[in-house]
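Structure first, commentary second.
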Amino acid sequence: MKKKLKDFFEHQFEEALIDEIIDAGEVKFYREGEYLLNINENVNFFPFLLNGVFKVLREDKNGNEVVMYFLERGDTCACVFINSLNAQKTCIRAVAETDSEVILIHVNKFDDWMVKYPSFRNYVLESYNLRLKEMMEAIDTLAFKKMDERLLKYLRDKVQVLRTTSLNTTHQDIAYDMNTSRVVISRLLKQLENEGKIKLKRNNIDILSI
DNA sequence: ACATTAAGTGATT
DNA sequence: AATCACTTAATGT
């Protein structure tokens, strides 16, 4: 396990920091569908994603949800930094999209590492940068794009993070993720199939070229 | 064989 | 683009 973690962090952090991470971190497995973070939860840790995929979404008071972006191997959840530092509650939910492995680190290490390790500072800032970018993309998509373009982005993102062109999902699940109705998704998917871009089966979508 | 769940479709707003 | 109402298809028991 230690070896595995060392290999994982090798090119990212200093030797000393890696040792501290291994020492202070708790490795945890999440089954598909389990929550890494939920809305209105207090968090006192921050996560490193060792492998797997999480989807990060927002939800309104009626339970309508919208997926904002996906987290992959090597990512962390930037939202948590703010939340965990001022002991605020989370404003997002992170759901395991596949079985995943995460290393959790208590926030009391955060200040210390920010000062001690340039690579850590760098990592945190880059994470923010990346998330901010994805956030803006999400806003653009929601505000300016029509449903057909939103669906294409969703499918492309999924193919990218899951590293497969065969998506095991239902039209209803996609509709939930995009906060629209199943009928709309079914029709748009049918259209894509007619254009020869995807192949539809029950509980599965093959992405041919999108 | 029957029930349940997923997907397809016309019509209406 | 959403909703309704209904049909058809696939899958589980």
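Please read these numbers as outputs of a predicted model, since none were measured by experiment. Order of the sequence lines fixes the chain letters, A, B, ..., with proteins taken first and strands second; residue numbering starts at 1 for each chain.
A side-chain N or O of A/Asp177 and one of A/Tyr154 form a donor-acceptor pair less than 3.5 Å apart. Donor-acceptor pairing under 3.5 Å is lacking for the side chains of A/Asn122 and A/Ser119.
With respect to A/Arg93, the salt bridge (Lys or Arg N to Asp or Glu O under 4.0 Å) criterion is satisfied by exactly one of A/Glu59, A/Glu41, A/Glu34: A/Glu59.
You'll find the ring centres of A/Phe48 and A/Phe9 inside the 6.0 Å limit.
A/His171 has no side-chain polar atom (N or O) that falls below the 4.0 Å cut-off from OP1 or OP2 of B/dT5.
Backbone-only engagement by A/Thr170 is indicated by non-hydrogen atom pairs under 4.0 Å involving sugar-phosphate atoms exclusively.
Hydrophobic cluster membership is shared by A/Met114 and A/Tyr117, with clusters built from Ile, Leu, Val, Met, Phe, Trp and Tyr side chains linked at under 4.5 angstrom.
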Apply ring-ring contact (aromatic ring centres under 6.0 Å, His included) to A/Phe54 and A/Phe70, showing your working. CA-CA 6 Å; A/Phe54 284 85; A/Phe70 294 94; over 10 Å; no
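In this structure, the NZ atom of A/Lys201 is 16 Å from the C1' atom of C/dT11, given to the nearest Å. In this structure, A/Asp206 atom CG and B/dA7 atom P are separated by 14 Å, rounded to whole Å. One can place CD of A/Gln172 at 12 Å from P of B/dT5, the figure rounded to the nearest angstrom. Atom-to-atom, CG of A/Leu188 to P of C/dA1 comes out at 7 Å; the value is rounded to the nearest Å. Atom CD1 of A/Ile185 is separated from atom P of C/dA2 by 8 Å (rounded to the nearest Å). The interatomic distance linking A/Asn203 (CG) with C/dA10 (P) rounds to 12 Å, in whole Å. The CG atom of A/Leu200 sits 14 Å away from the C1' atom of C/dA10 (whole-angstrom rounding). In this entry the distance linking CD1 of A/Ile174 with P of B/dG8 reads 11 Å, nearest Å.
Within residues 140-156 of chain A, no residue places a heavy atom under 4.0 Å from DNA chain B.
Ionic pairing of A/Glu65 and A/Arg58 is not present here: no N-O contact between side-chain nitrogen and carboxylate oxygen is shorter than 4.0 angstrom. Taking 4.0 Å as the cut-off between side-chain N and carboxylate O, A/Lys28 and A/Glu101 do not count as a salt-bridged pair.
A donor-acceptor pair is defined here as one N or O able to donate and one able to accept, closer than 3.5 Å; such a pair exists between the side chain of A/Ser186 and the backbone of A/Arg182.
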Please tabulate, one pair per line, each protein N/O and nucleotide N/O from nucleotides 9-13 of chain B that are separated by under 3.5 Å, including the distance.
from   : atom 1 : to       : atom 2 : distance (Å)
B/dG10 : N7     : A/Arg187 : NH2    : 2.5
B/dG10 : O6     : A/Arg187 : NH2    : 2.7

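Counting distance only, with no hydrogens placed and no angle test, the side-chain atoms of A/Arg202 and the base atoms of C/dT11 include no donor-acceptor pair under 3.5 Å.
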